[in-house]
2 protein chains.
Amino acid sequence: MAEQVVGEVTAPGIPSATVARLPSYLRALRDLVSRGVATTSSVELAELSGVGPAQLRKDLSFLGSFGTRGVGYDVDSLAQYITEALGLVDEHRIAIIGIGNLGHALANYSGYEQRGFHVAALLDASPDVVGTRAAGLVVEHVDALEEVVEREKVSIVVLATPAAHAQAVADRVVAAGVREILNFAPRALQVPPDVDVRGVDVGSELQILAFHSQARALAESQGR
Amino acid sequence: MAEQVVGEVTAPGIPSATVARLPSYLRALRDLVSRGVATTSSVELAELSGVGPAQLRKDLSFLGSFGTRGVGYDVDSLAQYITEALGLVDEHRIAIIGIGNLGHALANYSGYEQRGFHVAALLDASPDVVGTRAAGLVVEHVDALEEVVEREKVSIVVLATPAAHAQAVADRVVAAGVREILNFAPRALQVPPDVDVRGVDVGSELQILAFHSQARALAESQGR
DNA sequence: CTCTGTGAAGCACTTCACAGCC
DNA sequence: GGCTGTGAAGTGCTTCACAGAG
(Lines give C-alpha, C1' and ligand atoms only; values in the text may rest on other atoms or scores of the structure.)
Protein backbone atom coordinates (compact mmCIF):
# COMPACT_ATOMS: atom_id res chain seq x y z
CA MET A 1 0.00 0.00 0.00
CA ALA A 2 0.47 3.30 0.37
CA GLU A 3 3.99 4.06 1.07
CA GLN A 4 4.47 7.49 2.52
CA VAL A 5 2.73 9.18 5.39
CA VAL A 6 3.66 12.66 6.47
CA GLY A 7 2.42 14.77 9.30
CA GLU A 8 0.05 12.31 10.78
CA VAL A 9 -2.13 13.77 13.50
CA THR A 10 -2.30 10.75 15.76
CA ALA A 11 -5.80 10.52 17.13
CA PRO A 12 -7.22 9.43 20.48
CA GLY A 13 -4.58 6.75 20.88
CA ILE A 14 -5.46 4.68 17.83
CA PRO A 15 -2.19 3.37 16.32
CA SER A 16 -1.84 4.31 12.67
CA ALA A 17 -1.21 0.68 11.76
CA THR A 18 -4.66 -0.06 13.15
CA VAL A 19 -6.24 2.83 11.25
CA ALA A 20 -4.71 1.49 8.04
CA ARG A 21 -6.48 -1.83 8.56
CA LEU A 22 -9.92 -0.49 9.47
CA PRO A 23 -10.93 -0.09 5.80
CA SER A 24 -10.27 -3.80 5.22
CA TYR A 25 -12.48 -4.71 8.14
CA LEU A 26 -15.20 -2.43 6.90
CA ARG A 27 -15.00 -3.95 3.42
CA ALA A 28 -15.29 -7.45 4.85
CA LEU A 29 -18.20 -6.45 7.06
CA ARG A 30 -20.10 -4.90 4.17
CA ASP A 31 -19.51 -8.05 2.23
CA LEU A 32 -21.03 -10.05 5.08
CA VAL A 33 -23.97 -7.64 5.25
CA SER A 34 -24.64 -8.10 1.55
CA ARG A 35 -24.57 -11.86 2.04
CA GLY A 36 -27.12 -11.55 4.79
CA VAL A 37 -24.79 -12.69 7.58
CA ALA A 38 -25.83 -11.21 10.91
CA THR A 39 -23.06 -12.34 13.23
CA THR A 40 -19.38 -13.05 12.76
CA SER A 41 -16.35 -14.06 14.80
CA SER A 42 -12.86 -12.64 15.03
CA VAL A 43 -11.60 -15.73 13.18
CA GLU A 44 -13.99 -15.33 10.25
CA LEU A 45 -13.67 -11.58 9.95
CA ALA A 46 -9.89 -11.76 10.21
CA GLU A 47 -9.71 -14.32 7.43
CA LEU A 48 -11.88 -12.18 5.17
CA SER A 49 -9.66 -9.20 5.94
CA GLY A 50 -6.36 -10.99 5.49
CA VAL A 51 -5.06 -10.60 9.05
CA GLY A 52 -4.76 -12.79 12.14
CA PRO A 53 -7.62 -13.06 14.66
CA ALA A 54 -5.54 -11.67 17.51
CA GLN A 55 -4.64 -8.66 15.44
CA LEU A 56 -8.27 -8.02 14.62
CA ARG A 57 -9.37 -8.24 18.24
CA LYS A 58 -6.55 -5.97 19.35
CA ASP A 59 -7.40 -3.43 16.67
CA LEU A 60 -11.06 -3.38 17.61
CA SER A 61 -10.16 -3.02 21.27
CA PHE A 62 -8.74 0.42 20.48
CA LEU A 63 -12.15 1.53 19.26
CA GLY A 64 -14.04 0.09 22.18
CA SER A 65 -15.62 -3.15 23.23
CA PHE A 66 -18.01 -4.25 20.60
CA GLY A 67 -18.41 -8.00 20.60
CA THR A 68 -20.19 -10.46 22.82
CA ARG A 69 -18.01 -13.04 24.55
CA GLY A 70 -18.90 -16.53 23.57
CA VAL A 71 -20.84 -15.24 20.56
CA GLY A 72 -18.93 -12.84 18.34
CA TYR A 73 -19.73 -9.54 16.67
CA ASP A 74 -22.95 -8.14 15.29
CA VAL A 75 -22.11 -7.41 11.68
CA ASP A 76 -24.36 -4.38 11.21
CA SER A 77 -23.44 -2.53 14.34
CA LEU A 78 -19.73 -3.23 14.01
CA ALA A 79 -19.81 -1.90 10.45
CA GLN A 80 -21.61 1.18 11.67
CA TYR A 81 -19.12 1.68 14.46
CA ILE A 82 -16.08 1.43 12.19
CA THR A 83 -17.75 3.79 9.73
CA GLU A 84 -18.05 6.35 12.50
CA ALA A 85 -14.52 5.74 13.75
CA LEU A 86 -13.15 6.39 10.26
CA GLY A 87 -15.10 9.61 10.05
CA LEU A 88 -17.17 8.52 7.07
CA VAL A 89 -20.47 9.66 8.45
CA ASP A 90 -20.39 12.99 6.75
CA GLU A 91 -19.37 13.03 3.13
CA HIS A 92 -15.85 13.96 2.13
CA ARG A 93 -15.56 16.06 -1.00
CA ILE A 94 -12.60 15.33 -3.23
CA ALA A 95 -10.99 16.96 -6.27
CA ILE A 96 -8.93 15.02 -8.77
CA ILE A 97 -6.07 16.95 -10.38
CA GLY A 98 -4.53 15.61 -13.56
CA ILE A 99 -7.09 14.03 -15.86
CA GLY A 100 -4.82 11.85 -17.95
CA ASN A 101 -5.11 8.09 -18.24
CA LEU A 102 -5.03 7.49 -14.56
CA GLY A 103 -6.99 10.55 -13.48
CA HIS A 104 -9.72 9.61 -15.90
CA ALA A 105 -9.88 6.09 -14.54
CA LEU A 106 -9.97 7.41 -10.98
CA ALA A 107 -12.77 9.81 -11.87
CA ASN A 108 -14.82 6.97 -13.31
CA TYR A 109 -14.10 4.63 -10.44
CA SER A 110 -17.49 3.77 -9.05
CA GLY A 111 -17.86 3.22 -5.38
CA TYR A 112 -16.90 6.61 -4.03
CA GLU A 113 -20.41 7.40 -2.88
CA GLN A 114 -20.82 4.02 -1.23
CA ARG A 115 -17.61 4.59 0.68
CA GLY A 116 -18.48 8.06 1.87
CA PHE A 117 -16.82 10.21 -0.78
CA HIS A 118 -18.04 12.57 -3.45
CA VAL A 119 -15.98 13.62 -6.45
CA ALA A 120 -16.73 17.33 -6.54
CA ALA A 121 -14.29 18.59 -9.17
CA LEU A 122 -11.82 17.57 -11.86
CA LEU A 123 -8.88 19.78 -12.80
CA ASP A 124 -6.19 19.70 -15.46
CA ALA A 125 -3.60 22.03 -16.96
CA SER A 126 -3.97 21.02 -20.60
CA PRO A 127 -6.23 23.14 -22.84
CA ASP A 128 -7.13 19.93 -24.68
CA VAL A 129 -8.61 18.44 -21.54
CA VAL A 130 -10.13 21.48 -19.83
CA GLY A 131 -13.77 21.76 -20.81
CA THR A 132 -14.24 18.08 -21.62
CA ARG A 133 -16.61 16.02 -19.56
CA ALA A 134 -15.70 13.03 -17.43
CA ALA A 135 -17.73 11.20 -14.82
CA GLY A 136 -20.49 13.76 -15.20
CA LEU A 137 -18.25 16.74 -14.48
CA VAL A 138 -16.66 19.36 -16.69
CA VAL A 139 -12.91 19.49 -16.29
CA GLU A 140 -11.80 22.89 -15.00
CA HIS A 141 -8.44 24.58 -15.37
CA VAL A 142 -5.97 24.00 -12.58
CA ASP A 143 -5.41 27.75 -12.40
CA ALA A 144 -8.81 27.95 -10.73
CA LEU A 145 -7.66 25.56 -8.01
CA GLU A 146 -8.09 27.89 -5.06
CA GLU A 147 -11.53 28.98 -6.22
CA VAL A 148 -12.66 25.40 -6.84
CA VAL A 149 -11.43 24.20 -3.45
CA GLU A 150 -13.43 26.89 -1.73
CA ARG A 151 -16.52 26.66 -3.90
CA GLU A 152 -16.75 22.88 -3.65
CA LYS A 153 -15.58 22.61 -0.05
CA VAL A 154 -12.89 20.14 -1.10
CA SER A 155 -11.14 18.46 1.83
CA ILE A 156 -9.16 15.77 0.00
CA VAL A 157 -7.17 16.14 -3.21
CA VAL A 158 -6.16 13.25 -5.45
CA LEU A 159 -3.01 14.14 -7.39
CA ALA A 160 -2.62 12.34 -10.70
CA THR A 161 -0.45 14.84 -12.55
CA PRO A 162 2.83 14.04 -14.27
CA ALA A 163 5.65 13.68 -11.77
CA ALA A 164 7.32 16.88 -12.94
CA HIS A 165 4.39 19.07 -11.90
CA ALA A 166 3.34 17.22 -8.76
CA GLN A 167 5.32 19.28 -6.24
CA ALA A 168 4.22 22.64 -7.65
CA VAL A 169 0.59 21.59 -7.69
CA ALA A 170 0.88 20.14 -4.19
CA ASP A 171 2.24 23.47 -2.94
CA ARG A 172 -0.81 25.26 -4.29
CA VAL A 173 -3.16 22.61 -2.93
CA VAL A 174 -1.67 23.08 0.52
CA ALA A 175 -1.78 26.86 0.21
CA ALA A 176 -5.46 26.55 -0.67
CA GLY A 177 -6.02 24.95 2.73
CA VAL A 178 -6.30 21.25 1.84
CA ARG A 179 -4.65 19.00 4.42
CA GLU A 180 -5.19 15.52 2.91
CA ILE A 181 -3.50 14.46 -0.32
CA LEU A 182 -3.52 11.14 -2.14
CA ASN A 183 -0.51 11.25 -4.45
CA PHE A 184 -0.27 9.01 -7.51
CA ALA A 185 2.70 10.83 -9.00
CA PRO A 186 5.96 8.91 -8.61
CA ARG A 187 7.58 11.56 -6.42
CA ALA A 188 7.92 12.15 -2.70
CA LEU A 189 6.10 15.39 -1.91
CA GLN A 190 7.50 17.99 0.45
CA VAL A 191 4.65 19.30 2.58
CA PRO A 192 4.27 21.05 5.92
CA PRO A 193 4.12 18.70 8.92
CA ASP A 194 0.39 19.16 9.41
CA VAL A 195 -0.47 17.83 5.95
CA ASP A 196 -1.11 14.11 5.39
CA VAL A 197 0.17 12.62 2.18
CA ARG A 198 -0.41 9.04 1.17
CA GLY A 199 1.47 7.92 -1.89
CA VAL A 200 0.45 5.20 -4.31
CA ASP A 201 3.02 4.28 -6.93
CA VAL A 202 2.46 1.34 -9.23
CA GLY A 203 6.10 1.31 -10.27
CA SER A 204 7.28 1.00 -6.68
CA GLU A 205 4.82 -1.78 -5.95
CA LEU A 206 6.06 -3.73 -8.95
CA GLN A 207 9.65 -3.21 -7.91
CA ILE A 208 8.92 -4.56 -4.45
CA LEU A 209 7.32 -7.64 -6.02
CA ALA A 210 10.35 -7.97 -8.31
CA PHE A 211 12.59 -8.02 -5.27
CA HIS A 212 10.62 -10.84 -3.68
CA SER A 213 10.55 -12.69 -6.96
CA GLN A 214 14.31 -12.52 -7.17
CA ALA A 215 14.68 -13.49 -3.52
CA ARG A 216 12.58 -16.58 -4.17
CA ALA A 217 14.61 -17.52 -7.24
CA LEU A 218 17.80 -17.09 -5.25
CA ALA A 219 16.52 -19.15 -2.32
CA GLU A 220 15.44 -21.95 -4.63
CA SER A 221 18.70 -22.10 -6.52
CA GLN A 222 20.67 -22.20 -3.28
CA GLY A 223 18.32 -24.28 -1.19
CA ARG A 224 18.51 -27.28 -3.52
CA MET B 1 0.85 2.31 -0.33
CA ALA B 2 0.23 -1.06 -0.50
CA GLU B 3 -1.57 -2.50 2.36
CA GLN B 4 -1.39 -6.25 2.36
CA VAL B 5 1.60 -8.54 2.09
CA VAL B 6 1.25 -12.28 2.22
CA GLY B 7 3.81 -15.01 2.15
CA GLU B 8 6.82 -12.83 1.98
CA VAL B 9 10.01 -14.75 1.32
CA THR B 10 12.34 -12.70 3.46
CA ALA B 11 15.64 -12.37 1.65
CA PRO B 12 19.29 -12.22 2.79
CA GLY B 13 18.40 -10.31 5.92
CA ILE B 14 16.96 -7.23 4.28
CA PRO B 15 13.98 -6.04 6.36
CA SER B 16 10.84 -5.74 4.31
CA ALA B 17 10.34 -2.17 5.51
CA THR B 18 13.70 -1.39 3.91
CA VAL B 19 12.79 -3.15 0.68
CA ALA B 20 9.61 -1.10 0.49
CA ARG B 21 11.67 2.10 0.57
CA LEU B 22 14.30 1.13 -1.98
CA PRO B 23 12.09 2.16 -4.93
CA SER B 24 11.84 5.68 -3.50
CA TYR B 25 15.60 5.91 -3.23
CA LEU B 26 16.00 4.66 -6.76
CA ARG B 27 13.50 7.21 -8.03
CA ALA B 28 15.33 10.02 -6.27
CA LEU B 29 18.69 8.83 -7.59
CA ARG B 30 17.45 8.68 -11.18
CA ASP B 31 16.11 12.16 -10.73
CA LEU B 32 19.56 13.31 -9.62
CA VAL B 33 21.15 11.50 -12.56
CA SER B 34 18.85 13.28 -14.97
CA ARG B 35 19.77 16.59 -13.37
CA GLY B 36 23.43 15.77 -13.87
CA VAL B 37 24.25 15.52 -10.16
CA ALA B 38 27.20 13.19 -9.60
CA THR B 39 27.40 13.00 -5.82
CA THR B 40 24.82 13.21 -3.07
CA SER B 41 24.61 12.95 0.71
CA SER B 42 22.34 10.99 3.01
CA VAL B 43 20.66 14.25 3.97
CA GLU B 44 19.90 15.28 0.39
CA LEU B 45 18.85 11.85 -0.80
CA ALA B 46 16.70 11.31 2.27
CA GLU B 47 14.90 14.59 1.72
CA LEU B 48 14.19 13.72 -1.90
CA SER B 49 12.88 10.34 -0.80
CA GLY B 50 10.76 11.60 2.04
CA VAL B 51 12.57 9.82 4.89
CA GLY B 52 15.07 10.74 7.58
CA PRO B 53 18.83 10.63 6.92
CA ALA B 54 19.45 8.03 9.62
CA GLN B 55 16.83 5.77 8.11
CA LEU B 56 18.40 6.08 4.69
CA ARG B 57 21.87 5.23 5.95
CA LYS B 58 20.56 2.30 7.94
CA ASP B 59 18.65 1.00 4.94
CA LEU B 60 21.67 1.24 2.67
CA SER B 61 23.83 -0.47 5.27
CA PHE B 62 21.75 -3.63 4.74
CA LEU B 63 22.81 -3.69 1.10
CA GLY B 64 26.46 -3.03 1.79
CA SER B 65 28.77 -0.13 2.30
CA PHE B 66 28.47 2.19 -0.61
CA GLY B 67 29.35 5.72 0.35
CA THR B 68 32.56 7.54 1.09
CA ARG B 69 32.87 9.01 4.58
CA GLY B 70 33.27 12.72 4.55
CA VAL B 71 32.01 12.86 0.95
CA GLY B 72 28.72 11.06 0.32
CA TYR B 73 27.43 8.70 -2.34
CA ASP B 74 28.21 8.40 -6.01
CA VAL B 75 24.80 8.81 -7.64
CA ASP B 76 25.38 6.52 -10.61
CA SER B 77 26.87 3.59 -8.82
CA LEU B 78 24.39 3.75 -5.95
CA ALA B 79 21.52 3.73 -8.44
CA GLN B 80 23.08 0.76 -10.17
CA TYR B 81 23.55 -1.05 -6.91
CA ILE B 82 19.94 -0.56 -5.79
CA THR B 83 18.74 -1.64 -9.22
CA GLU B 84 20.61 -4.90 -8.78
CA ALA B 85 19.43 -5.34 -5.20
CA LEU B 86 15.81 -4.99 -6.33
CA GLY B 87 16.36 -7.58 -9.03
CA LEU B 88 15.57 -5.20 -11.87
CA VAL B 89 18.53 -6.18 -14.02
CA ASP B 90 16.62 -8.69 -16.04
CA GLU B 91 13.23 -7.66 -17.28
CA HIS B 92 10.10 -8.79 -15.49
CA ARG B 93 7.19 -9.71 -17.71
CA ILE B 94 3.75 -8.76 -16.47
CA ALA B 95 0.17 -9.51 -17.47
CA ILE B 96 -2.72 -7.21 -16.65
CA ILE B 97 -6.04 -8.92 -16.02
CA GLY B 98 -9.23 -6.87 -16.20
CA ILE B 99 -9.09 -4.18 -18.86
CA GLY B 100 -11.76 -1.83 -17.56
CA ASN B 101 -11.18 1.79 -16.65
CA LEU B 102 -8.33 1.09 -14.34
CA GLY B 103 -6.77 -1.79 -16.27
CA HIS B 104 -6.75 0.35 -19.37
CA ALA B 105 -5.02 3.17 -17.55
CA LEU B 106 -2.49 0.76 -16.08
CA ALA B 107 -1.79 -0.69 -19.52
CA ASN B 108 -1.15 2.75 -20.92
CA TYR B 109 0.97 3.84 -18.00
CA SER B 110 4.32 4.70 -19.49
CA GLY B 111 7.45 4.04 -17.55
CA TYR B 112 7.31 0.27 -17.20
CA GLU B 113 10.25 -0.28 -19.51
CA GLN B 114 12.34 2.35 -17.77
CA ARG B 115 11.66 0.67 -14.46
CA GLY B 116 12.55 -2.81 -15.64
CA PHE B 117 9.11 -4.16 -16.56
CA HIS B 118 7.46 -5.23 -19.78
CA VAL B 119 3.72 -5.54 -20.24
CA ALA B 120 3.50 -8.82 -22.11
CA ALA B 121 -0.24 -9.49 -22.14
CA LEU B 122 -3.66 -8.04 -21.42
CA LEU B 123 -6.59 -10.26 -20.46
CA ASP B 124 -10.28 -9.73 -19.89
CA ALA B 125 -13.44 -11.80 -19.54
CA SER B 126 -15.82 -9.57 -21.50
CA PRO B 127 -16.43 -10.39 -25.18
CA ASP B 128 -16.74 -6.66 -25.79
CA VAL B 129 -13.18 -6.09 -24.67
CA VAL B 130 -11.43 -9.23 -25.92
CA GLY B 131 -9.93 -8.55 -29.32
CA THR B 132 -9.66 -4.80 -28.86
CA ARG B 133 -6.24 -3.19 -28.82
CA ALA B 134 -4.71 -1.30 -25.93
CA ALA B 135 -1.14 -0.16 -25.40
CA GLY B 136 -0.11 -1.95 -28.58
CA LEU B 137 -1.48 -5.31 -27.49
CA VAL B 138 -4.58 -7.26 -28.40
CA VAL B 139 -6.66 -8.13 -25.35
CA GLU B 140 -6.93 -11.90 -24.96
CA HIS B 141 -9.61 -13.90 -23.18
CA VAL B 142 -8.96 -14.72 -19.57
CA ASP B 143 -9.79 -18.35 -20.34
CA ALA B 144 -6.40 -18.54 -22.05
CA LEU B 145 -4.68 -17.44 -18.84
CA GLU B 146 -2.54 -20.52 -18.33
CA GLU B 147 -1.45 -20.56 -21.95
CA VAL B 148 -0.61 -16.86 -21.93
CA VAL B 149 1.38 -17.10 -18.70
CA GLU B 150 3.51 -19.86 -20.18
CA ARG B 151 3.84 -18.38 -23.65
CA GLU B 152 4.80 -14.93 -22.40
CA LYS B 153 6.82 -16.09 -19.41
CA VAL B 154 4.75 -13.89 -17.13
CA SER B 155 6.16 -13.61 -13.60
CA ILE B 156 3.96 -10.84 -12.20
CA VAL B 157 0.21 -10.42 -12.60
CA VAL B 158 -1.65 -7.16 -12.10
CA LEU B 159 -5.25 -7.83 -11.08
CA ALA B 160 -7.72 -5.11 -12.01
CA THR B 161 -10.90 -7.16 -12.24
CA PRO B 162 -14.14 -6.38 -10.43
CA ALA B 163 -13.96 -7.38 -6.78
CA ALA B 164 -16.43 -10.20 -7.25
CA HIS B 165 -14.15 -12.09 -9.65
CA ALA B 166 -10.80 -11.29 -8.07
CA GLN B 167 -10.48 -14.38 -5.87
CA ALA B 168 -11.40 -16.83 -8.63
CA VAL B 169 -8.97 -15.24 -11.05
CA ALA B 170 -6.26 -15.14 -8.39
CA ASP B 171 -6.71 -18.86 -7.79
CA ARG B 172 -6.12 -19.56 -11.46
CA VAL B 173 -3.17 -17.18 -11.58
CA VAL B 174 -1.55 -19.03 -8.70
CA ALA B 175 -2.35 -22.41 -10.24
CA ALA B 176 -0.66 -21.22 -13.41
CA GLY B 177 2.53 -20.78 -11.42
CA VAL B 178 2.64 -17.02 -10.87
CA ARG B 179 3.94 -16.08 -7.42
CA GLU B 180 3.71 -12.25 -7.49
CA ILE B 181 0.37 -10.45 -7.63
CA LEU B 182 -0.45 -6.76 -7.53
CA ASN B 183 -4.11 -6.57 -6.57
CA PHE B 184 -6.22 -3.50 -7.32
CA ALA B 185 -9.52 -5.18 -6.52
CA PRO B 186 -10.97 -4.09 -3.17
CA ARG B 187 -10.78 -7.56 -1.62
CA ALA B 188 -8.25 -9.41 0.50
CA LEU B 189 -7.05 -12.37 -1.54
CA GLN B 190 -6.57 -15.81 -0.06
CA VAL B 191 -3.37 -17.27 -1.49
CA PRO B 192 -0.88 -19.97 -0.50
CA PRO B 193 1.87 -18.79 1.84
CA ASP B 194 4.52 -18.75 -0.87
CA VAL B 195 2.66 -16.21 -2.99
CA ASP B 196 3.27 -12.47 -2.54
CA VAL B 197 0.26 -10.20 -2.84
CA ARG B 198 0.45 -6.46 -2.63
CA GLY B 199 -2.87 -4.69 -2.52
CA VAL B 200 -3.62 -1.19 -3.71
CA ASP B 201 -7.07 0.13 -2.91
CA VAL B 202 -7.97 3.72 -3.61
CA GLY B 203 -11.06 3.51 -1.44
CA SER B 204 -9.02 2.38 1.57
CA GLU B 205 -6.46 5.12 1.06
CA LEU B 206 -9.19 7.73 0.98
CA GLN B 207 -10.74 6.30 4.11
CA ILE B 208 -7.45 6.50 5.94
CA LEU B 209 -7.13 10.15 4.90
CA ALA B 210 -10.70 10.73 6.03
CA PHE B 211 -9.81 9.38 9.45
CA HIS B 212 -6.89 11.77 9.79
CA SER B 213 -9.03 14.61 8.54
CA GLN B 214 -11.59 13.90 11.23
CA ALA B 215 -8.88 13.49 13.85
CA ARG B 216 -7.56 16.92 12.96
CA ALA B 217 -11.01 18.50 13.11
CA LEU B 218 -11.56 16.89 16.49
CA ALA B 219 -8.20 18.01 17.84
CA GLU B 220 -8.83 21.57 16.71
CA SER B 221 -12.29 21.80 18.18
CA GLN B 222 -11.06 20.46 21.51
CA GLY B 223 -7.63 22.05 21.56
CA ARG B 224 -9.03 25.57 21.46
C1' DC C 1 36.13 18.77 9.98
C1' DT C 2 32.58 16.17 7.28
C1' DC C 3 29.68 12.63 6.41
C1' DT C 4 29.12 7.59 6.47
C1' DG C 5 28.28 3.14 8.85
C1' DT C 6 26.52 0.95 12.90
C1' DG C 7 25.91 -0.81 17.77
C1' DA C 8 22.73 0.36 21.17
C1' DA C 9 18.64 2.43 22.93
C1' DG C 10 13.98 3.46 22.26
C1' DC C 11 9.53 2.85 20.36
C1' DA C 12 5.66 0.70 18.07
C1' DC C 13 3.38 -3.01 16.59
C1' DT C 14 2.27 -8.01 16.75
C1' DT C 15 1.46 -12.26 18.96
C1' DC C 16 0.58 -14.91 22.87
C1' DA C 17 -2.08 -16.75 26.39
C1' DC C 18 -5.47 -16.46 29.54
C1' DA C 19 -8.92 -14.13 32.47
C1' DG C 20 -13.61 -12.67 31.97
C1' DC C 21 -18.23 -13.03 30.37
C1' DC C 22 -21.99 -15.01 27.93
C1' DG D 1 -17.90 -24.43 26.20
C1' DG D 2 -16.87 -20.70 23.23
C1' DC D 3 -15.20 -16.41 21.98
C1' DT D 4 -13.96 -11.75 23.24
C1' DG D 5 -10.89 -8.33 25.45
C1' DT D 6 -6.34 -7.41 27.14
C1' DG D 7 -1.99 -7.33 29.98
C1' DA D 8 2.37 -9.09 29.06
C1' DA D 9 5.92 -10.95 26.27
C1' DG D 10 8.13 -10.92 21.94
C1' DT D 11 9.61 -8.93 17.58
C1' DG D 12 10.99 -5.67 14.32
C1' DC D 13 11.70 -1.09 12.99
C1' DT D 14 13.34 3.61 13.84
C1' DT D 15 16.19 6.94 15.93
C1' DC D 16 20.13 8.19 18.34
C1' DA D 17 24.77 9.16 18.92
C1' DC D 18 29.25 8.28 18.06
C1' DA D 19 33.24 5.75 16.26
C1' DG D 20 35.70 5.51 11.97
C1' DA D 21 37.32 6.88 7.38
C1' DG D 22 38.61 10.35 4.26
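All of these numbers come straight from a predicted model, not from anything done at the bench. To find a chain, count down the sequence lines: A is the first, B the second, and so on, and within it residues start at 1.
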Participant: Just the rounded figure in Å: distance from P of C:dG5 to CZ of B:Phe66.
Facilitator: 10 Å
Participant: Between C:dT4, D:dT15, C:dC13, spot the one nearest the side chain of B:Ser41, thanks.
Facilitator: C:dT4
Participant: Does the side chain of B:Gln55 get closer than 4.0 angstrom to OP1 or OP2 of D:dT15 through an N or O atom?
Facilitator: yes
Participant: In whole angstrom, give the distance that lies between atom CG of A:Leu56 and atom P of D:dG5.
Facilitator: 9 Å
Participant: Rounding to an integer number of Å, can you tell me how far B:Leu78 CG sits from C:dT4 P?
Facilitator: 11 Å
Participant: If you assign A:Arg57 and A:Thr18 each to the DNA chain C nucleotide with the nearest heavy atom, which residue ends up on the more 5' nucleotide?
Facilitator: A:Thr18
Participant: By nearest heavy atom, map B:Gly64 and A:Arg21 onto DNA chain C; which one lands nearer the 5' end?
Facilitator: B:Gly64
Participant: For a 4.5 angstrom cut-off between non-hydrogen side-chain atoms, does A:Val202 reach A:Glu205?
Facilitator: no
Participant: So do the side chains of B:Tyr73 and B:Arg57 get within less than 4.5 Å of each other, counting heavy atoms only?
Facilitator: yes
Participant: Check every atom of C:dG5, D:dG22, D:dT6 against the side chain of B:Ser65 and return the nucleotide holding the closest atom.
Facilitator: C:dG5
Participant: So for atom CD, which belongs to B:Glu47, do other residues, nucleotides or ligands contribute more than 12 heavy atoms lying within a distance under 6.0 Å?
Facilitator: no
Participant: Under 3.5 Å, side chain of B:Gln167 to main-chain N/O of B:Gln190, donor-acceptor pair present?
Facilitator: yes
Participant: C:dC3, OP1 or OP2 - any side-chain N/O from B:Ser42 closer than 4.0 Å?
Facilitator: no
Participant: Can you tell me the distance, in whole Å, between the CD1 atom of A:Ile14 and the P atom of C:dA12?
Facilitator: 16 Å
Participant: For B:Arg216 and A:Asp196, which heavy atoms make the closest approach, and how far apart are they?
Facilitator: NH2-OD2, 3.7 Å
Participant: Once you round it to whole Å, what is the distance between P of D:dG7 and CZ of A:Phe62?
Facilitator: 10 Å
Participant: Could you state the CG-C1' distance from B:Asp59 to D:dT14, rounded to the nearest angstrom?
Facilitator: 10 Å
Participant: Side chain of A:Thr68, heavy atoms from C-beta onward: which of C:dC22, C:dG5, C:dT6 has the nearest atom to it?
Facilitator: C:dC22
Participant: What about B:Arg69, does its side chain sit under 3.5 Å from the base of C:dG5 through a donor-acceptor pair?
Facilitator: no
Participant: Are OP1 or OP2 of C:dC22 and a side-chain N or O of A:Tyr73 less than 4.0 angstrom apart?
Facilitator: no
Participant: In terms of the nearest nucleotide of DNA chain D, which residue is placed more toward the 5' end: B:Gly70 or A:Lys58?
Facilitator: A:Lys58
Participant: Between A:Glu47 (CD) and D:dC3 (P), how many Å, whole number?
Facilitator: 14 Å
